[in-house]
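Working notes for the structure below.
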Amino acid sequence: MEKFRIRGGNAIKGRVSISGAKNSALPCMAAAILTAEHVILHNIPYVRDIITMRRLLEDIGAHVLTPELRTHKISAANIEVMTAPYELVKTMRASVLALGPLLARFGKARVSLPGGCAIGARPIDLHLAGFTKMGAEVYLEAGDVVARAPDDGLVGAEFDFEKISVTGTENLMMAGTLARGRTTINNAAREPEVRDLAELLNKMGARVRGAGTPRIEIDGVEALGGAEHTIIPDRIETGTFIVAGAITRGELEIKDCNPEHCNRIIAKLREVGVEIEEVNQSTLHVSAGKKLKAAELTTQAYPAFPTDMQAQYMTLMTQANGRSEITETIFENRFMHASELQRMGARIQIGHDKAIVEGPTKLIGARVQASDLRASASLVLAGLIAEGETTIDRVYHIDRGYEKIETKLKAVGADIERVRESVTSPLSPEEDVAAA
Ligand code: UD1
């Protein structure tokens, strides 16, 4: 098990480069299952979830090469099994992204049903209802979801998401590429990652229109071919570094990002007093501004403020003047970081879907525990400004989605180190991983 040890108080200053978006790389890797030709993906972040997806692809018979750093060359020419095993699905829910492509190309798929996890129930009923509407038979067998297409393949259908789902939209979009006729997805997720996947699929020969809007239409084709694609920058990592610069009263140049994808994050952080300048199309300049002031926040699907930035915003609000009410509308049980922040001295009242933060408060270093990916990021941010030493346990959560966060922070002046209590490598998939 590994920990971060942080000594707070340093303003972080300098330049940081943003990695590729893991939430875009994961579906794009799954999309490679749709073709027997090579799919080459650049700007793949070096994070644990990517290693898990790579293992899943290799487990089913695909070949994944890394011809150069952050590039994956995937060949799914010889898929042997259509099953994503429990061992992988339990560590990463996004394994369900294998369902749509397997079902579309091979007519069958078996994926272990993701259990409950640290941030709420997170069912996949909508993905399954979509496949059923496309003619698949879907049933549960020994804890696995089994899906079978009709003998002559999936049929295009119109599906209305009663709740917006990112991976649900991606799964149905991938399934639709090889279905007979037109698939229409209403109330689709509009996240930049959905658009990025559609761009890759179209390069592979798919006919997807409307990605990035609430209505996506896919005209099925006979087969898809190979393609080469560069993954978009990670907007959540970008937002996390904006907060890091602001909360430590530092000054950061954030490179290799896409400010357009971060519009609402930037607008919110400017509203509370952070100074953010758009230097060019891929660079932001962040400084602390005069004084942080509290503001309410409600998380919602894109283009609104993302749930994946809620925890980091909460840490920022512990340093703002006044009272901020934070409402989480996407996931239940996503305030676990709040009780850890309380242990560091934050004044937070935690309700069911609301948390009220009173600021500013002085944070004091403590031993705290990471409970999920974004919660861990909020604790790192708290550690950067806390008086004394903060130790964060279970940092494998942060390794799922942030590429070498401690190395990046150290390079801009933070006093942070990874402490190993065993000889296990930081990104080893064998390491004990809790469901998340
Ligand atoms: C994706 C992101 C995750 C982000 C989340 C919300 C990836 C790999 N992960 O997760 O980082 O926090 O979007 O922006 O892209 N729901 C159902 N039934 C379903 C599917 C979803 O009820 O079949 C509910 C969920 O419980 C949740 C809401 O819909 O309350 C949104 O979930 P969803 O967008 O599906 O999240 P993920 O795609 O798993």
Side-chain angles (χ1 to χ4, degrees), residues 20-31 44-45 47-50 52-53 56 88-89 91-100 111 113-133 138 145 147 159-175 185 187-197 214 231-232 234-237 239-240 261 264-265 298-313 327-334 337 352-353 372-378 397-398 400-402 435-436:
K22 99 166 163 68
N23 283 356
S24 179
L26 291 172
C28 287
M29 288 170 77
I44 297 272
V47 298
R48 185 200 295 270
D49 274 7
I50 296 296
T52 307
M53 183 57 92
L56 189 159
L88 295 181
V89 181
T91 65
M92 185 183 73
R93 275 180 48 83
S95 308
V96 300
L97 285 166
L99 257 181
V111 171
L113 190 65
C117 73
I119 53 169
R122 297 182 84 172
I124 57 162
D125 55 318
L126 302 173
H127 304 226
L128 304 183
F131 296 139
T132 306
K133 197 115 195 246
V138 180
V145 172
F159 187 73
D160 300 341
F161 272 95
E162 62 187 53
K163 199 168 186 184
I164 296 175
S165 167
V166 177
T167 48
T169 300
E170 292 165 345
N171 236 339
L172 294 198
M173 195 161 80
M174 290 191 280
I185 305 173
N187 201 23
R190 288 182 275 167
E191 270 69 0
E193 294 77 18
V194 174
R195 252 188 292 156
D196 203 32
L197 172 65
I231 301 297
I232 55 171
D234 195 312
R235 62 198 163 94
I236 305 300
E237 189 192 18
T240 304
H261 294 165
R264 206 54 73 86
I265 298 173
T298 301
T299 63
Q300 257 153 8
Y302 193 86
F305 193 95
T307 174
D308 286 351
M309 273 297 297
Q310 178 256 108
Q312 301 87 318
Y313 182 81
T327 308
E328 171 59 55
T329 73
I330 307 291
F331 292 115
E332 44 187 272
N333 198 17
R334 211 182 194 181
H337 46 282
H352 173 61
D353 63 349
D372 69 52
L373 171 55
R374 308 303 171 185
S376 337
S378 73
H397 286 295
I398 207 162
R400 289 188 47 211
Y402 286 87

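Here the structure is a predicted model, which means the values were calculated and not measured. Read the numbers this way: they start at 1 and go in the same order the structure lists the ligands and their atoms.
- Contacts between Thr167 and ligand 1, counted as non-hydrogen atom pairs separated by less than 4.0 Å, involve both the backbone and the side chain.
- The closest approach between Pro123 and ligand 1 falls below 4.0 Å for a heavy atom of the residue.
- For the residue pair Thr329 and Gln300, no side-chain donor N or O sits within less than 3.5 Å of a side-chain acceptor on the partner.
- Phe159 and Leu126 get closest at one heavy-atom pair: CZ-O, 3.5 Å.
- The distance from ligand 1 to the heavy atoms of Arg93 drops below 4.0 Å at these ligand atoms: 39 (O).
- Remark: side-chain polar atoms of Thr169 are paired, donor with acceptor, to backbone N or O of Ala189 under 3.5 angstrom.
- With sequence neighbours excluded, the residues forming a side chain to side chain contact (heavy atoms under 4.5 Å, CB included) with Ala25 are Ile44, Pro45, Ile50, Ile231, listed by chain and number.
- Distances from atom 2 (C) of ligand 1 to the heavy atoms of Leu373, Thr169, Asn23, Val166 put Asn23 nearest.
- For ligand 1 and Leu126, the ligand atoms under 4.0 Å from any heavy atom of the residue are 17 (C), 18 (N), 19 (C), 23 (O).
- Residue Asp125 has at least one N or O atom closer than 3.5 Å to an N or O atom of ligand 1.
- In this structure, Pro306 and Arg235 have side chains that are in contact, with non-hydrogen atoms separated by less than 4.5 Å.
- When each atom of ligand 1 is checked for a heavy atom of Ile164 under 4.0 Å away, the hits are 29 (O), 31 (C), 34 (O).
- Remark: ligand 1 and Ser165 share an N or O pair separated by less than 3.5 Å (distance only, no angle test).
- Under a 4.0 Å heavy-atom criterion, His127 is in contact with ligand 1.
- Distance alone, capped at 3.5 Å, places no donor-acceptor pair between the Glu191 side chain and the Val194 backbone.
- Within the 4.0 Å heavy-atom criterion, neither part of Leu97 lies near ligand 1.
- Heavy-atom proximity to Thr307, at under 4.0 Å, picks out these atoms of ligand 1: 6 (C), 12 (O), 14 (O).
- Annotation: the span from Thr240 atom OG1 to Ile265 atom CD1 amounts to 8.0 Å, rounded to 0.5 Å.
- Annotation: Ala94 places no N or O atom under 3.5 Å from an N or O atom of ligand 1; distance criterion only.
- Every residue two or more places apart in sequence or in another chain that forms a side chain to side chain contact (heavy atoms under 4.5 Å, CB included) with Ile232 is listed here: Ala21, Ser24, Pro192, Glu193, Asp196, His261.
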Practice task
Please test Asp49 against Arg93 for salt bridge (Lys or Arg N to Asp or Glu O under 4.0 Å), starting from the C-alpha separation and ending with a verdict.
Solution key: CA-CA 10 Å; Asp49 274 7; Arg93 275 180 48 83; over 6 Å; no
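- The proximity of Asp308 to ligand 1, defined as any non-hydrogen pair under 4.0 Å, is limited to the side chain.
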